[in-house]
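Taking it in order: structure first as structure tokens, then the write-up.
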Amino acid sequence: MTHQMIDVTTPDGTADAYLTRPDGADGPLPGVLFIIDAIGLRPRTKEMADRIASWGYAVLAPNVFHRDGTAADLEPTVDLTEPGQRDAFFAEVMPRVHALNDDLAIPDLSAYLDALRGLDDVRDGDVGITGYCMGGRLALLAAATRPDVVGAIGMFHTGRLVTDGPDSPHLRLPDIRADVLAIHADEDHSLPPEAVATFEHALTSSGVTHSATVYPGAHHGYTMADTAVFHPEATERHFEELRGLFGRTLH
């Protein structure tokens, strides 16, 4: 794999981002935007981006919290495989998660997409997005505000997809043209069963091509091997289905 940190210019300053692609690729590659979870851009998310890139993609993983510091500045310094440490860390980072509202995120997401598509080794055509935790909501937001370029999105252990507010993510589904893959966790308190059902109904009624399932015994954050909630089987299922999604839509 070939990988490096690059800078992406956004309306609110520079975002550092991890760019990875397979060695010796023959010609331009389809692009994938990797949207991190609340924990941030760190070795685990870079490792995941590398695996996706190995399938034949140029993958860009931006530090979506660039207003709060660089990825290195924000990287966890505690062992998140210990439940108490994970809970304490989340209490610390949630203010920056909540601060990244739609008004700030929309221009950022457009900048990330344009930067990815502007790379010499990224081909013209649709971009795929994969998002984790809050990154799933951002993936949906990007697909709704840039339907011109987003052809597929994966959403994994994504909370708060259905709220009582007028900006609830599920209300944006009529604005997307991307195929959607969502794998929820049945132990995710941020997306209870009634919200899962509402989201599924919104997908269907909006005519979105989709696959939405609930993985049994998995918790919010199940793909993150550096945390206490890692679920190896659910993680492998996510990689398998995501590879299929991108293979169908980006080639």
Side-chain angles (χ1 to χ4, degrees), residues 1-6 15-21 32-55 57 59-100 112 129-139 154-160 181-191 214-243:
M1 304 300 297
T2 300
H3 45 76
Q4 64 188 114
M5 295 297 295
I6 66 170
D16 48 328
Y18 181 72
L19 175 63
T20 179
R21 56 210 168 221
V32 170
L33 184 65
F34 183 111
I35 308 184
I36 57 176
D37 62 350
I39 300 172
L41 181 59
R42 61 198 192 280
R44 172 54 180 168
T45 45
K46 292 176 182 178
E47 175 185 80
M48 294 170 71
D50 285 344
R51 179 164 174 180
I52 294 167
S54 74
W55 304 336
Y57 302 97
V59 181
L60 183 69
N63 169 25
V64 300
F65 302 119
H66 61 88
R67 294 172 182 83
D68 301 284
T70 67
D73 293 335
L74 303 176
E75 193 170 311
T77 58
V78 297
D79 183 0
L80 300 180
T81 62
E82 297 182 12
Q85 297 275 32
R86 179 180 180 274
D87 293 344
F89 179 80
F90 265 91
E92 176 185 328
V93 303
M94 287 312 291
R96 69 178 179 235
V97 173
H98 294 311
L100 188 59
Y112 304 146
I129 306 180
T130 184
Y132 302 86
C133 178
M134 50 152 275
R137 296 198 309 275
L138 294 179
M155 309 168 64
F156 305 102
H157 49 81
T158 302
R160 295 186 57 77
L181 167 65
I183 303 181
H184 312 300
D186 73 344
E187 299 293 334
D188 190 344
H189 300 300
S190 65
L191 196 73
V214 179
Y215 200 93
H219 292 259
H220 184 79
Y222 62 76
T223 62
M224 298 302 160
D226 57 353
T227 75
V229 295
F230 178 53
H231 193 301
E233 293 80 14
T235 299
E236 287 306 307
R237 166 80 172 275
H238 125 271
F239 277 124
E240 177 184 342
E241 295 205 20
L242 184 64
R243 186 172 189 173

Of all heavy-atom pairs between Ala228 and Glu82, which one has the smallest distance, and what is that distance?
-> CB-C, 4.3 Å
Which atom names give the shortest non-hydrogen contact between Pro62 and Ala17, and what distance separates them?
-> CA-CB, 3.6 Å
Where do His238 and Tyr132 come nearest, in terms of heavy atoms and distance?
-> NE2-OH, 2.8 Å
Distance-minimising heavy-atom pair for Gly131 and Thr158 = O-OG1, 4.4 Å
Could you walk me through whether Phe230 and Thr81 pass the side chain to side chain contact (heavy atoms under 4.5 Å, CB included) test, one step at a time?
-> CA-CA 8 Å; Phe230 178 53; Thr81 62; over 6 Å; no
Look up atom CD1 in Ile129 and atom CG in Leu242, then write down how far apart they are to the nearest 0.5 Å.
-> 11.5 Å
Tell me which donor-acceptor pairs under 3.5 Å the side chains of residues 217-225 have, and how far apart each pair is, sequence neighbours excluded?
| unit_1 | atom_1 | unit_2 | atom_2 | d |
| --- | --- | --- | --- | --- |
| His220 | ND1 | His157 | O | 3.1 |
| His220 | ND1 | Asp188 | OD1 | 3.4 |
| His220 | ND1 | Asp188 | OD2 | 2.9 |
| Tyr222 | OH | Ile183 | O | 2.9 |
| Thr223 | OG1 | His157 | NE2 | 2.8 |

Side chain to side chain, Tyr18 and Asp50, heavy atoms closer than 4.5 Å = yes
Flag side-chain contact, heavy atom, 4.5 Å: Thr20 against Tyr57 | no
Which atoms form the tightest heavy-atom contact between Met1 and Ala53, and what is the distance?
-> CE-CB, 3.3 Å
Euclidean distance, Asp226 CG relative to Thr45 OG1, rounded to 0.5 Å = 8.0 Å
Do Asp16 and Thr70 get their side chains close enough for a donor-acceptor pair, meaning under 3.5 Å?
-> no
Picking from Leu80, Asp79, Leu74, what satisfies side-chain contact (heavy atoms from CB on, under 4.5 Å) with Pro76?
-> Leu80
Val229 and Glu187, any side-chain heavy atoms less than 4.5 Å apart = no
Evaluate the side-chain proximity of Lys46 to Met5: yes if any heavy-atom separation is below 4.5 Å, no if none is.
-> yes
Might you confirm whether atom CZ of Arg160 has over 12 heavy atoms from other residues, nucleotides or ligands at distances under 6.0 Å?
-> no
Would you verify whether the NZ or CZ of Arg51 falls within 45 degrees of the ring axis of Phe239 while also being under 6.0 Å from that six-membered ring's centre?
-> yes
Give the intermediate values and the outcome of side chain to side chain contact (heavy atoms under 4.5 Å, CB included) for residues Asp37 and Arg42.
-> CA-CA 10 Å; Asp37 62 350; Arg42 61 198 192 280; 2.8 Å; yes
Kindly compute the distance separating CD1 (Ile52) from OG1 (Thr130), expressed to the nearest 0.5 Å.
-> 5.0 Å
Give a yes or no answer on whether the side chain of Asn63 reaches the backbone of Gly69 with a donor-acceptor pair at less than 3.5 Å.
-> yes
Any chance you could measure Met155, atom CE, to His184, atom NE2, to the nearest 0.5 Å?
-> 7.5 Å
Ala139 and Gly154: which non-hydrogen atoms are nearest, and at how many Å?
-> CB-O, 4.4 Å
Going from CD on Glu75 to CZ on Arg44, what distance comes out if it is rounded to the nearest 0.5 angstrom?
-> 14.0 Å
To the nearest 0.5 Å, atom CE of Met48 lies from atom CZ of Phe34 at 4.5 Å
If you count the non-hydrogen atoms of other residues, nucleotides and ligands that lie under 6.0 Å from CD in Glu240, is the total more than 12?
-> no
Could you tell me whether the side chain of Thr235 reaches within less than 4.5 Å of the side chain of Phe156, counting heavy atoms only?
-> no
